[in-house]
Number of protein chains: 2
Amino acid sequence: MRIGELARATGTKAETIRYYEREGILPAADRTDSNYRDYSDQHLASLTFVRRARELGFSIVQVRELLALSGHEDKPCKDVDKLVQSQLAEVERKIVDLSALRSELSQMLRSCQADRIGECHIVASLAGRP
Amino acid sequence: MRIGELARATGTKAETIRYYEREGILPAADRTDSNYRDYSDQHLASLTFVRRARELGFSIVQVRELLALSGHEDKPCKDVDKLVQSQLAEVERKIVDLSALRSELSQMLRSCQADRIGECHIVASLAGRP
DNA sequence: ACTTGACCTTGTAATTACTACAAGGTGCAT
DNA sequence: ATGCACCTTGTAGTAATTACAAGGTCAAGT
């Protein structure tokens, strides 16, 4: 598929895809006779992963690490263990925070639907209980 | 408390705190006789919230919206309902994605601890949401 | 008293991760 | 064959920090 199709499929700007290629985040695509980039389903999966990970607040550096983990079969387990552990800890922290935020938002929604103005603890939900 | 203490307490650079004040994301702090910023616990809670929300992938614009929700008692419920609903939907999407990533990372960890090299589905974990 | 060093101030410049735009080539349908 | 949507490279602009410069503040140690 060409860059425009890949862009639509992933909600990414074509410029951003070329930027990822320059930065080595996505492998370079094959080229057609007319020098257009020609992407595979592998590229689609990788780019979808990158975009989701970015939306979840991982930096480009962390995304690189995660991508590297995905091709770790040539390296000994011990080398990746620590990295996996710290990424996992970060993911779990994010889930805890998001769950707190979710329950506060849905509490607000219930109050609204009952047309009441409830107490608002939205800041406290992420700031840590007082 | 002074800016350095607040910075340490929240893992934020002092420069970033001043930047948030310029941008109106944090209310301006009181000043001491020698013109140093003097922060309250309210500031600490707000800043903690802002930093967590940023880590979770919310943009500054979204953080502003969330902060605005926290002081909505003067506005009719109907005005905030739609915003709460869409923020909630986004939070839930993030939780789903992070949960998939978590289970893939912990699977990797189990493989590593058994000193086996397991199949790696880390890209698929985020790429495969239908 | 004085100086060291960790703090603070404002202001400006650089960095990261895109995003937009310019100038031009490609390819297919009307 | 020409309009239109697509592609190319390259450069410049934006958002959200982050770093740095030049200087003022203040508690502690000599």
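Just so we're on the same page: letters track the sequence lines, and every chain starts at 1. Bear in mind the structure is a predicted one, so any value in this text is a computation, not a measurement.
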Task: Whole-Å distance separating the CD atom of B/Glu15 from the C1' atom of C/dG11 - done: 12 Å

- [ ] Would you kindly give the CG-to-C1' distance between B/Asp33 and D/dT25, to the nearest whole Å?
- [x] 12 Å

Open item on the list: Suppose we screen for side chain to side chain donor-acceptor pair (under 3.5 Å). Which residues come up paired with A/Arg22, at least two apart in sequence or across chains?
Closed with: none

Open item on the list: Test of understanding: with side chain to side chain donor-acceptor pair (under 3.5 Å), list the residues that count as partners of B/Glu90, not counting sequence neighbours.
Closed with: B/Gln62

Set of side-chain contact (heavy atoms from CB on, under 4.5 Å) partners for [X], sequence neighbours left out:
X	answer
A/Ala45	B/Val123, B/Ala127
A/Val96	none
A/Thr32	A/Ser34, A/Tyr36, A/Asp38

Task: Residue list, ring pair (Phe, Tyr, Trp, His ring centres under 6.0 Å) with B/Tyr39, at least two apart or on another chain - done: B/His43

TODO: Go through residues 19-30 of chain B and report each residue with a non-hydrogen atom lying under 4.0 Å from DNA chain D, sorted by number.
DONE: B/Tyr19, B/Tyr20

Open item on the list: Does anything in residues 3-13 of chain A form a salt bridge (Lys or Arg N to Asp or Glu O under 4.0 Å)? List the pairs, not counting sequence neighbours.
Closed with: none

Task: Donor-acceptor under 3.5 Å (B/Lys94 side chain, B/Ala89 main chain) - done: no

- [ ] Give the B/S/- string for nucleotides 5-10 of chain C, one per nucleotide from 5' to 3', where a protein heavy atom under 4.0 Å of the base yields B, of only the sugar-phosphate yields S, and otherwise -.
- [x] --BSBB

TODO: Ignoring backbone atoms, establish whether B/Thr16 has a side-chain N or O less than 4.0 Å from OP1 or OP2 of D/dT18.
DONE: yes

